[in-house]
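Have a look at the structure below, then the notes.
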Amino acid sequence: MRQIPLGYVATYGDVASLAQLPGHARLVGYALHALPEYSDVPWQRVINAQGKLSLGRAYPGGDLHQRHLLEAEGIVFDANGNIDLKRFRWQP
DNA sequence: GTGATGACGGAAT
DNA sequence: TATTCCGCCATCA
């Protein structure tokens with residue numbers, strides 16, 4: 001995840017593949033759930049394949065925090081609160 | 001030991 | 001395009 005450049009995002013599936021675990025997107029999500037808040041890992045750059053934030057499922061309202069962090073990095077959200085993957089998805 | 005669940009994804013309908 | 005269903009496997013009750 002630390003490979004994700006500032007200003008870009010990656011999906012859970014992408015991170016799983018990068019970790020040589022294709023098809024194990026759920027484990028990535030589970031791993032993030034276990035991350036401490038003070039971690040230096042840019043967990044906010046990982047979103048689901050629909051271009052939406054999934055943090056809301058674990059911490060109600062927490063997606064607002066994530067959105068703020070991403071906006072501070074230059075990510076733009078559309079009117080529906082989604083991210084345009086065609087434009088911001090990190091493609092190595 | 002067992003079954004249910006989840007920061008998901010992709011195929012099927 | 002929108003829903004639903006199933007596979008994935010570490011955790012937890």
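Throughout, protein chains are lettered first and strands after them, A, B, ... in sequence-line order, and every chain is numbered starting at 1.
- Note: CG (A:L55) to P (B:dG6) measures 15 Å, nearest angstrom.
- Annotation: the span from A:Q50 atom CD to A:L85 atom CG amounts to 9.0 Å, rounded to 0.5 Å.
- Looking only at distances, a side-chain donor or acceptor of A:D78 sits under 3.5 Å from a matching main-chain atom of A:N80.
- Under a 4.0 Å N-O distance rule, the pair A:D40/A:R2 qualifies as a salt bridge.
- Shown for residues 34-49 of chain A: residues whose heavy atoms fall under 4.0 angstrom of DNA chain B, namely A:W43, A:N48, A:A49.
- Residues A:V9 and A:L69 do not share a hydrophobic cluster, defined by chaining ILVMFWY side chains whose heavy atoms lie under 4.5 Å apart.
- Going from atom OH of A:Y30 over to atom C1' of C:dC9 covers 10 Å, rounded to whole Å.
- Residues A:R67 and A:L53 approach most closely at N-CD1, 3.8 Å, considering heavy atoms.
- Here the shortest heavy-atom pairing between A:F88 and A:G74 reads CE2-O, 3.8 Å.
- A straight line from OH of A:Y59 to P of B:dG6 spans 14 Å, rounded to a whole angstrom.
- Note: CG (A:L53) to P (B:dA7) measures 14 Å, nearest angstrom.
- With sequence neighbours left out, the ring pair (Phe, Tyr, Trp, His ring centres under 6.0 Å) criterion links A:H33 to A:Y59.
- The interatomic distance linking A:R57 (CZ) with B:dG9 (P) rounds to 10 Å, in whole Å.
- Minimum heavy-atom separation, A:F77 to A:I83: CE2-CG1, 3.7 Å.
- Contacts between residues 11-29 of chain A and DNA chain C, defined by a heavy-atom separation below 4.0 Å, involve A:H24, A:R26, A:L27, listed by number.
- In this structure, a donor-acceptor pair under 3.5 Å is absent between the side chains of A:D14 and A:S17.
- Shortest non-hydrogen contact noted between A:M1 and A:V41 is CE-CG1, 3.0 Å.
- With hydrogens and angles ignored, the 3.5 Å screen pairs a side-chain donor or acceptor of A:Q66 with a backbone N or O of A:Q44.
- Between A:Q50 atom CD and B:dC8 atom P the separation is 9 Å, expressed in whole Å.
- For the pair A:L21 and A:V28, the minimum side-chain heavy-atom distance is 4.5 Å or more.
- Scanning residues 83-92 of chain A for heavy-atom distances under 4.0 Å to DNA chain B yields an empty list.
- Nearest approach of A:G7 to A:I75, heavy atoms of both residues: O-CD1, 3.2 Å.
- When hydrophobic clusters are built by joining Ile, Leu, Val, Met, Phe, Trp and Tyr residues whose side-chain heavy atoms come closer than 4.5 Å, directly or via intermediates, A:L55 is grouped together with A:I4.
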Would you tabulate the nitrogen or oxygen pairs shorter than 3.5 Å linking the protein to nucleotides 11-13 of chain B?
none

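- Scanning residues 63-74 of chain A for heavy-atom distances under 4.0 Å to DNA chain C yields an empty list.
- Nearest approach of A:W43 to A:L32, heavy atoms of both residues: CB-CD2, 4.1 Å.
- Going from atom CD1 of A:I4 over to atom P of B:dA7 covers 19 Å, rounded to whole Å.
- Placement of A:V46 and A:W90 within a single hydrophobic cluster is found when ILVMFWY residues are connected by side-chain heavy-atom separations under 4.5 Å, directly or transitively.
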